[in-house]
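Scope of the values below: all heavy atoms of this structure, side chains included, with no hydrogens, waters or symmetry mates. In each ligand, atom 1 is the first atom listed, and ligand 1 is the first ligand listed.
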Amino acid sequence: MSYAIVVHGGAGPRRDQEHGEAARAGCLAAAEVGAAVLAQGGSALDAVEQTARVLEDDPLFNAGYGAVLNADGDVELDASVMDGETLLAGAVAVVKTVKNPVSLARLVMEKTPHVLLVGDGAEAFARAQGLATIASGSLVTPLQHQRWLTRQGSTHGTIGAVAVDARGQVAAATSTGGTAGKLKGRVGDSPLIGAGTVADSRWAAVSCTGAGEFIIRVGLARSVLEAVRHGASLARACEEAVAELSRLGGDGGVIAVTPQGEVGWAFCSERMAGAFVRADGQRGTFFERSP
Ligand code: ASP
């Protein structure tokens with residue numbers, strides 16, 4: 001059985017070449033971190049968490065440090081993780097004082113009987129678990145503050161990782177600051193299992209990015225998984241799921257892996273940054289749709 005990991009750094013409108021190169025490099029660097037976990041026999045779950053943490057810490061991406069700001073000028077973070085081996089999942093939403101929400105999502109999965117904790121409750125749980133919390137506001141970068149003041153710049157984005165380990169088990173993780181200027185308390189698809197994230201080691205692991213209000217309504221991640229379950233190739237499953245998103249008027253994309261080590265992605269937005277690494281040494285990046 002061979003391992004593989006795919007990463008995305010968010011979908012959206014076309015950006016300049018400089019941004020494209022930086023996003024590709026950031027995604028590949030994060031994918032390499034996950035691939036190193038997998039190469040040492042680590043689990044897909046560990047790989048996607050470690051990879052997501054790297055992307056959360058990179059201010060280039062809309063997750064963790066560098067997330068977009070809501071209408072009030074605050075960061076409110078959403079994240080989720082799902083283990084395809086156990087079908088357990090954990091998620092958090094509207095979190096402001098946790099540097100790496102993906103790790104808090106994993107703690108929800110492993111230490112509570114719940115799937116989703118939000119707001120104050122999620123932050124109290126983080127403190128109770130000894131997860132380092134930070135001052136509210138310290139995740140706001142000068143660039144995002146400037147964008148909030150001028151109401152200009154990138155409106156959304158997200159990070160995600162899907163992996164299959166050497167045992168053929170899959171996992172998925174997604175983390176985001178959501179959409180710029182969103183109403184306080186708005187929750188997108190990223191922490192919703194079946195919408196932004198899903199993993200089942202019989203079929204696939206999927207992470208999504210794009211217009212959350214549309215992704216929720218089409219159940220985007222689960223629609224990829226269900227297509228694979230009903231016999232579609234991974235590439236076709238990704239394409240058809242994204243076509244349905246587009247039909248409704250939403251933009252965005254998906255990344256996916258199968259337990260057999262196939263990697264796939266598709267997007268209907270102009271851009272979706274991403275990268276993949278496979279056990280056979282193949283690696284690569286993607287960014288824009290061909291014009
Ligand atoms: N899906 C995210 C949300 O709606 C944003 C994005 O991926 O662009 O919160």
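Listed by number with element, the atoms of ligand 1 under 4.0 Å from a non-hydrogen atom of Asp189 are 1 (N), 2 (C), 3 (C), 4 (O). Interface of Gly178 with ligand 1, defined as ligand atoms under 4.0 Å from a residue heavy atom, comprises 9 (O). Ligand-side atoms of ligand 1 in range of Thr209: 6 (C), 7 (O), 8 (O), range being under 4.0 angstrom from any heavy atom.
Between the side chain of Asp200 and the backbone N or O of Ala205 there is no donor-acceptor pair closer than 3.5 Å.
In this structure, Gly10 has no heavy atom closer than 4.0 Å to ligand 1. Between Glu213 and ligand 1 there is no heavy-atom distance shorter than 4.0 Å.
Remark: ligand 1 and Arg186 share an N or O pair separated by less than 3.5 Å (distance only, no angle test). An N or O contact shorter than 3.5 Å links Gly210 to ligand 1 by distance. Note: no N/O pair closer than 3.5 Å links Thr176 and ligand 1 by distance alone. The distance criterion of under 3.5 Å between nitrogen or oxygen atoms is met by Gly212 with respect to ligand 1.
Using the six-membered ring where Trp is involved, Phe287 and His19 have ring planes that are tilted, between 30° and 60° apart.
For Arg186 and Glu76, the salt-bridge test fails: no basic side-chain N is under 4.0 Å from an acidic carboxylate O. Between Glu213 and Arg217 no salt bridge is recorded (no basic side-chain N to carboxylate O distance below 4.0 Å). Taking the charged nitrogens against the carboxylate oxygens, Asp74 and Lys182 have no contact shorter than 4.0 Å, which rules out a salt bridge. Salt bridge Lys99/Glu56: absent, no basic N to carboxylate O contact under 4.0 Å.
Inspection of the Ser103 and Glu49 side chains reveals an N or O donor paired with an N or O acceptor under 3.5 Å.
Within the 4.0 Å heavy-atom criterion, neither part of His8 lies near ligand 1.
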